[in-house]
Amino acid sequence: MSKRNVLLAAAALLVACALILAVGCAPKETTTAAAPAAAAPTEVRIGIVAPITGDAATFGISTKNGAQLYFDQVNAAGGINGMMIRTFVEDDKGLTDEGATAFSKLIDQNKVSVIVGTVMSKVSLAGAPIAQSKGIPMISPTSTNPAVTLVGDYIFRACFIDPFQGLVNAKYAINTLNMKKAAVLYDAGNDYTKGLAEVFRDEFTKMGGQIVAFESYATGTPDFNAQLVKIKAVNPEVLFLPNYYNDTGLIAKQARDMGITAQFLGGDGWDSDDLYKIGGAAIEGGVFSNHFTHESTLPAAQKFVSDYVAKFGGKPDALAALAYEAAMIVVDSIKRAGSAEPRAIRDAMATTNLDTITGRITFDATRNPIKAAVLLEVKNGAAVYKTSVSP
Ligand code: PHE
């Protein structure tokens with residue numbers, strides 16, 4: 001058949017399907033003419049992986065909501081080149097082996113063409129080798145550890161990376177706060193927290209600052225007394241806490257209770273309303289780097305915020321924004337690939353040049369976008385925009 005005839009046949013098939021659906025009596029065994037062996041697919045399967053339960057549950061819920069919001073909007077507008085999006089959502093619980101299982105299931109059982117996920121760098125590092133070896137492109141909305149996309153050419157991310165985020169914090173401490181004596185306290189069992197702690201230490205030292213304590217703790221501990229006693233003894237001006245919201249809230253409380261008065265700084269892992277619930281008054285005045293603020297004045301961002309509020313109630317955090325953005329990148333790649341074929345989607349994704357809710361996105365040679373950071377300050381139990389920092 002010529003290309004034109006194939007197209008005509010496909011169009012006829014679509015009309016036939018629509019008629020069958022319209023009369024509501026799809027004859028299951030008599031659709032010989034419609035047996036669509038060579039027809040264009042009518043759906044594209046997309047996986048979403050996020051920690052929907054567990055210690056980072058607010059991350060997972062925001063991520064799922066952000067991605068789903070965009071995919072629903074695309075379907076409501078007719079899908080992608082006639083294909084409807086079908087999502088498959090897996091909960092990695094913030095654990096590496098659950099993450100690996102989630103990636104395998106989406107690829108082997110659900111036959112997804114592409115995956116949005118996952119959130120935590122250490123879990124993405126468990127999923128990425130599976131996606132890479134099976135040839136399924138993945139885009140992590142939020143995993144900032146540099147090693148994630150280095151796993152291979154099928155692995156992308158929608159966020160800046162920790163070498164930049166650590167530099168933003170070191171510069172803020174030294175240039176803006178004029179504070180040259182810092183301590184660091186981080187989770188030793190997490191690639192993200194450890195990597196960000198090391199970048200901050202190195203950049204702060206290079207800029208003439210002094211790291212007076214570099215302490216770590218084991219994942220899951222609720223008691224930071226031993227480390228905080230050491231930190232108090234060296235009297236830092238800044239305490240850098242590159243950890244997720246649960247730990248950061250507890251550390252802030254225990255530190256203030258003990259009389260530590262240092263300025264708290266941190267990274268994107270603080271981004272959760274639960275931080276303010278757990279940290280209370282102790283975390284007030286803390287400053288952290290992040291990817292997005294709902295106070296953004298970009299028209300596309302404002303539309304996203306109002307759509308999100310209309311659907312879910314609360315304002316979107318950076319995780320919701322980046323998941324929405326990752327979903328935009330995926331849909332744009334499928335559209336330009338003109339296919340649901342994973343290899344074609346990967347190739348299209350590599351040449352992304354797209355206006356998103358944080359601005360224009362292109363990828364560098366290791367599939368990282370170049371993006372600005374925002375600095376937010378905790379005020380009255382919320383994160384308030386302070387300033388933006390470009391790379
Ligand atoms: N950057 C974190 C990581 O790599 C995840 C994260 C991103 C958490 C954004 C909160 C907000 O593990």
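Both counts, for ligands and for their atoms, begin at 1 and track the order of listing. Please read these numbers as outputs of a predicted model, since none were measured by experiment.
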In the protein, which heavy atom is nearest to atom 5 (C) of ligand 1, and how far is it?
-> Thr142 O, 3.6 Å
If you count the atoms of ligand 1 from 1 in the order shown, which ones are under 4.0 Å from a heavy atom of Ser143?
-> 4 (O)
Stepwise ring-ring contact (aromatic ring centres under 6.0 Å, His included) test for Phe59 and Tyr244 | CA-CA 10 Å; Phe59 291 169; Tyr244 296 145; 5.3 Å; yes
Please could you name the atoms of ligand 1 that Thr144 approaches to less than 4.0 Å, counting only its heavy atoms?
-> 1 (N), 2 (C), 3 (C), 4 (O)
Counting N and O atoms only, with roles assigned by atom type, does the side chain of Thr149 sit under 3.5 Å from a partner on the main chain of Thr366, one being a donor and the other an acceptor?
-> yes
Based purely on interatomic distance, does Ser121 place a nitrogen or oxygen under 3.5 Å from a nitrogen or oxygen of ligand 1?
-> yes
Does ligand 1 have any atom that is closer than 4.0 Å to a heavy atom of Tyr245?
-> no
Do any nitrogen or oxygen atoms of Tyr192 lie less than 3.5 angstrom from nitrogen or oxygen atoms of ligand 1?
-> no
Do Lys93 and Asp55 come close enough that some side-chain heavy atom pair is under 4.5 Å?
-> no
Looking only at protein heavy atoms, identify the closest one to atom 11 (C) of ligand 1 and say how far it is in Å.
-> Asp268 O, 3.1 Å
Please check if the side chain of Asp364 supplies one atom and the backbone of Asn368 the other of a donor-acceptor pair under 3.5 Å.
-> yes
For Met120, atoms of ligand 1 separated by under 4.0 Å from a heavy atom | 12 (O)
Has ligand 1 got any nitrogen or oxygen that is less than 3.5 angstrom from a nitrogen or oxygen of Asn145?
-> no
Determine whether the side chain, the backbone, both or neither of Asp191 has a heavy atom under 4.0 Å from any heavy atom of ligand 1.
-> neither
Numbering the atoms of ligand 1 from 1, which are under 4.0 Å from a heavy atom of Tyr244?
-> 3 (C), 12 (O)
Could you check whether the rings of Tyr70 and Tyr324 sit parallel, tilted or perpendicular, using 30° and 60° as the cut-offs?
-> perpendicular
Distance-only side-chain donor-acceptor flag, Gln302 / Thr297, under 3.5 Å = no
Hey, does the Lys NZ or Arg CZ of Arg201 hover above the aromatic six-ring of Phe214, less than 6.0 Å from the centre and inside 45° of the axis?
-> yes
Please state whether the rings of Tyr308 and Phe304 are parallel, tilted or perpendicular, taking 30° and 60° as the class boundaries.
-> tilted
